[in-house]
*Asks:* 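Sharing a structure with you now.
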Amino acid sequence: MTLKHSLAGAAAALLLATGGLALAPPAGAADCPSGHFCTWENANFDGQRANWSGDDGWWESWIADEDSSWANHGVSGPGVKDHVKVFSRAHQGGHMTICLAPGQEVGYNGAANDNGDSHTWAMSC
Amino acid sequence: MLRRLAPAATAVALLLTGCTTPGPGPDAPARNSAPVTDPAEDDLLKTAQLTLVTRCLARQGLALPTRTHSTEDPRLQSALFGTGPSELSLTLPTGATVTAHTDGCLADALHTLYGDQRRWFHAQVTVNNLRALAADRMKTDPAHRAAMARWTDCAATRPRGTLPDRVPPAVADRCAVQSGLMDVRARLEPAELARVRAERRDQLTTYQQLRTRALRRASALIGAQPAITIQPKGTEGT
C-alpha cells in the first residue's frame, strides 16, 4: 500500500472513529517482538506485519515494495548483529535505504516507502 | 537472533571476568567512509548495554527472551523499548523519520553509557545513514541514471511467471554487473560519501565524542562489575 493510500485510509478511519481529531501517535513502541526486525504494509506500524529474527534476502511478495514502516527491536550483546540494513532491490538495483540501531523505528518515509526488498542484520551500519 | 543470546551471555561472563582495555582515544579517524568501528570496542559497548538492560529488566522482575519466554510478551516489549509516544525524532534527508523512546531499559542503558541519549540519537541516526544518503544522492548523477535505465531493461527480461515488480535477487545482481550500475556506484560513492560527511561534520564529531565517553563508561562498568551499585531508574548517567 502506498503511503498516500495508507494515510488517507488511516485518516478516514480516524474520522469515522473520532469525528475528526488529529492523527494520534502510536500508544507505545511499535508492536514488534523483542529480538526481531519488523516492517508493516502501512505507515505508523499499521496493517499486516512481517517480522524476522534473522536475515531475509528476498521478502515475500505481499510485503516487498509494500513496506511503509519499520522497527528494529533487536537486543544488543557482544558479537550480536543488532543493526538492521534495509535494501531496495527491485527499483534501485539494490542499495541500502536505511540502517536502524536497536530501538529505532520509522513510522513513515515521505520519500521512499514501498521500496524494501531485503534486509540483513549487521554489527554496525 | 535470539539464539545468539545464549552465546552472548557466555561471552559476557567471559568478558566480565577478564580485563578489558579501553579503545583508542577521541581522535580515532573516521574520514574515509561511514565510521569503521573497532569490533572490540563494539563488543565492549554491546556488553555494557546488555549488562545494563539485563539489570534494569531484573528490577522489574523481567528477563530477556529465552526459549521459555515469549518474545511477543507486551510487558517485556514496553519495559525494553518504552511506552507512550516516542520522544526522539529525526527526519533524514532521504525522507525517513526515525524515532525512539527515552523511557524503557534500552533508553536507560544508552543514557547511562552515552551521557545524553538525545544527542547520541541524533548523531547516531545521522552517521549510520550517511551511506544511505550518499546512495540516494548518487541517483541524480547522469552516469547513474543511464546505468539505472540499462539495469531496468536488463531486469525486465526474466523468467516467465515472475511478477512485474519482483526482480529475483540473482537477476538483480546479474543486471547490476551487466548494466555497469555496480561500477558506476563504486566510482561515484567515495566522492559522494566525502561530501555528505563534510556536510555532517558536526554530527560525526559528536558521534566520536559520545562514543569515546561510552567506551570509558563501559570499561568502568564492566571492569568494576562486582562493585557497581544500581541507582534508581532515571537517575543514571546524569
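Heavy atoms only: backbone and side chains are in, while hydrogens, waters and symmetry mates are out. Sequence lines set the chain letters: A, B, ... in the order given, protein chains first and strands last, and positions in each chain run from 1.
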*Asks:* Please determine whether a side-chain nitrogen of the Lys or Arg among A:Arg49 and A:Glu41 lies less than 4.0 Å from a carboxylate oxygen of the Asp or Glu.
*Replies:* no

*Asks:* Who pairs with B:Ala132 by side-chain contact (heavy atoms from CB on, under 4.5 Å), at least two apart in sequence or on another chain?
*Replies:* A:Met96, B:Asn129

*Asks:* Using non-hydrogen atoms and a 4.5 Å limit, figure out which bit of B:Gln49 sits close to chain A: side chain, backbone, both or neither.
*Replies:* side chain

*Asks:* Using non-hydrogen atoms only, which part of B:Ser78 is less than 4.5 Å away from chain A: side chain, backbone, both, or neither?
*Replies:* neither

*Asks:* Without hydrogens or angle criteria, can the side chains of A:Glu105 and A:Asn72 be said to hold a donor-acceptor pair below 3.5 Å?
*Replies:* no

*Asks:* Please classify the contact of A:Trp59 with chain B as side chain, backbone, both or neither, using a heavy-atom distance under 4.5 Å.
*Replies:* backbone

*Asks:* Aromatic ring centroids of A:His73 and B:Phe81 under 6.0 Å?
*Replies:* yes

*Asks:* Which answer fits B:Leu92, side chain, backbone, both or neither, if we ask what part of it has an atom under 4.5 Å from a heavy atom of chain A?
*Replies:* side chain

